[in-house]
Number of protein chains: 2
Amino acid sequence: MALRHAILAALLDEELSGYQLAKAFDTGVANFWHALPQQLYAELAKLEKEGLISGREVVQDTRPNKRLFQVTDAGLAELDRFAADTAKPSFIRDDLLVKVQAADHVDTGALIAQLTERAAFAEAKIRLFDALAQKMRGDLGEEEFLRDGERIGPYLTCMRGLDFERGNRDWCRRAVAVLRERQAAHAQQ
Amino acid sequence: MALRHAILAALLDEELSGYQLAKAFDTGVANFWHALPQQLYAELAKLEKEGLISGREVVQDTRPNKRLFQVTDAGLAELDRFAADTAKPSFIRDDLLVKVQAADHVDTGALIAQLTERAAFAEAKIRLFDALAQKMRGDLGEEEFLRDGERIGPYLTCMRGLDFERGNRDWCRRAVAVLRERQAAHAQQ
DNA sequence: GGCGACATGTAAGGCGTTACATGATTGC
DNA sequence: GCAATCATGTAACGCCTTACATGTCGCC
């Protein structure tokens with residue numbers, strides 16, 4: 001049940017509406033969790049009902065009104081309790097890896113196309129995370145920021161996201177190169 | 001619905017029983033997917049019913065009998081169809097990242113303990129994957145194997161697993177170092 | 001006799017995905 | 001007028017997790 005804790009963690013920095021949260025969790029700014037809008041609206045309702053967050057209506061002239069949520073003391077306590085719990089190990093679960101596992105038995109062309117697309121996707125995320133990290137540390141160097149900065153949690157998770165996507169990109173490119181070379185060798189026979 | 005395809009991919013190399021599959025999917029040899037025994041037994045039953053795998057009873061003297069499964073032609077076709085489908089992007093979803101995101105608001109000691117444990121877990125997986133990769137490529141060098149080897153799919157996924165766990169380990173160690181230094185600085189105030 | 005490995009499941013409940021639904025405002 | 005963005009949901013289905021259940025064999 002980490003979704004609720006992910007939401008609480010996301011609301012630590014600023015008040016957000018469901019819609020704003022959804023954008024953050026969907027478009028990859030969520031370097032530490034992923035969720036769809038529907039999940040978020042449902043969980044926000046639950047969290048408010050349980051008193052872990054509190055919402056306030058914000059009336060807007062030009063746009064539909066919205067509700068901004070912030071973490072309550074009870075929410076902070078719950079987050080602390082969660083952090084002290086033993087964490088489960090995390091596992092990779094990726095369609096693309098399954099396909100590559102079967103690479104010797106399936107259509108190579110389709111695989112190459114998907115690996116290429118994934119590499120581009122990873123590259124886009126890298127740029128995003130890079131910009132985000134730079135924005136967070138401001139004028140400070142990384143070492144300096146991590147020593148003296150106020151809020152380093154998001155920076156650390158951003159670094160993990162960056163490295164993960166770099167790994168993704170590089171692996172995809174390598175796999176494409178390998179598959180292409182084998183394709184060429186096969187054609188020559 | 002990638003579990004079934006993960007099973008098919010795992011059965012490409014050798015006939016396996018549900019129990020053997022479960023070990024592979026559970027203990028981390030599964031570098032491309034993760035699943036619990038219950039899921040596997042249920043999915044194996046479905047797959048057999050649908051004709052994508054076929055099982056044969058193996059009578060054993062010293063141990064309980066078991067059923068070994070292999071992929072049918074229909075199973076291979078299904079796997080090929082799956083591989084041609086556009087893949088969804090994969091996301092990190094990790095309790096530990098949520099906790100680190102909230103690092104500035106929760107107990108640092110508990111976090112350090114969990115990061116240390118995770119680093120050790122990752123290190124163990126690295127050794128496992130390393131040994132597996134070495135076994136797969138045999139006497140050949142990596143470049144040579146990837147060019148001429150018979151079955152490179154599992155090797156490529158193993159490489160991704162290796163890199164992922166290295167990233168995990170290094171990030172955990174870095175985070176621990178950062179948190180420790182800040183703890184020390186805080187104590188001096 | 002008990003523990004650990006082998007071997008295979010059922011059942012309940014929670015979490016995530018897909019599809020559907022509604023309505024206002026800004027910009028082309 | 002139409003599409004995109006803002007803003008918030010409901011419903012159905014399926015996958016994943018947790019707990020429970022059963023039985024054999026080898027070893028200490």
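To find a chain, count down the sequence lines: A is the first, B the second, and so on, and within it residues start at 1.
Map A/Asp61 and A/Lys46 each onto its nearest nucleotide of DNA chain C; the residue landing nearer the 5' end is A/Lys46. Of the two residues contacting DNA chain D, namely B/Leu3 and A/Leu68, the nearest-nucleotide position lying further toward the 5' end is that of A/Leu68.
For the pair A/Leu68/A/Gln20, a side-chain contact is recorded, criterion being any heavy-atom separation below 4.5 Å from C-beta on.
Counting non-hydrogen atoms under 4.0 angstrom, A/Gln60 reaches the backbone sugars and phosphates but no base. A/Arg4 comes within contact range of no nucleotide atom at all, as no heavy-atom separation falls under 4.0 Å.
The distance between atom CD of A/Glu43 and atom C1' of C/dT17, rounded to the nearest whole Å, is 16 Å. One atom, OH of A/Tyr19, and another, C1' of C/dG23, lie 14 Å apart when rounded to the nearest Å. D/dC15 atom C1' lies 9 Å from atom CZ of A/Arg93, rounded to whole Å. Distance A/Leu36 CG to C/dA19 P: 12 Å, rounded to the nearest Å. Atom CG of B/Asp94 is separated from atom P of C/dG16 by 13 Å (rounded to the nearest Å). Rounded to whole angstrom, the span from the CD atom of B/Gln39 across to the C1' atom of D/dG14 amounts to 11 Å. Rounded to whole Å, the distance from CD on B/Gln38 to P on D/dC16 is 12 Å. When the C1' atom of C/dT17 is taken as reference, atom CZ of A/Phe25 falls 17 Å away, rounded to whole Å.
Using cut-offs of 30° and 60° on the angle between ring planes, the pair B/Phe164 and A/Phe164 is perpendicular. A/Phe82 and A/His5 have parallel rings, their planes meeting at less than 30° on a 0 to 90° scale where 60° marks the start of perpendicular. Taking the six-membered ring for Trp and thresholds of 30 and 60 degrees, B/Phe91 and A/Phe121 have ring planes more than 60 degrees apart, a perpendicular arrangement.
Formation of a donor-acceptor pair under 3.5 Å by the A/Asp107 side chain with backbone atoms of B/Ala83 is not found in this model.
Closest contact between the side chain of A/Tyr41 and the listed nucleotides D/dC15, D/dG9, D/dC6 involves D/dG9. If you check C/dC6, D/dT8, C/dG23 against the side chain of A/Lys66, the one that comes closest is D/dT8.
The shortest distance between the side-chain N/O atoms of A/Gln20 and the OP1/OP2 oxygens of D/dA7 is not below 4.0 Å. Taking side-chain N and O atoms only, A/Lys88 has a distance below 4.0 Å to OP1 or OP2 of D/dT18.
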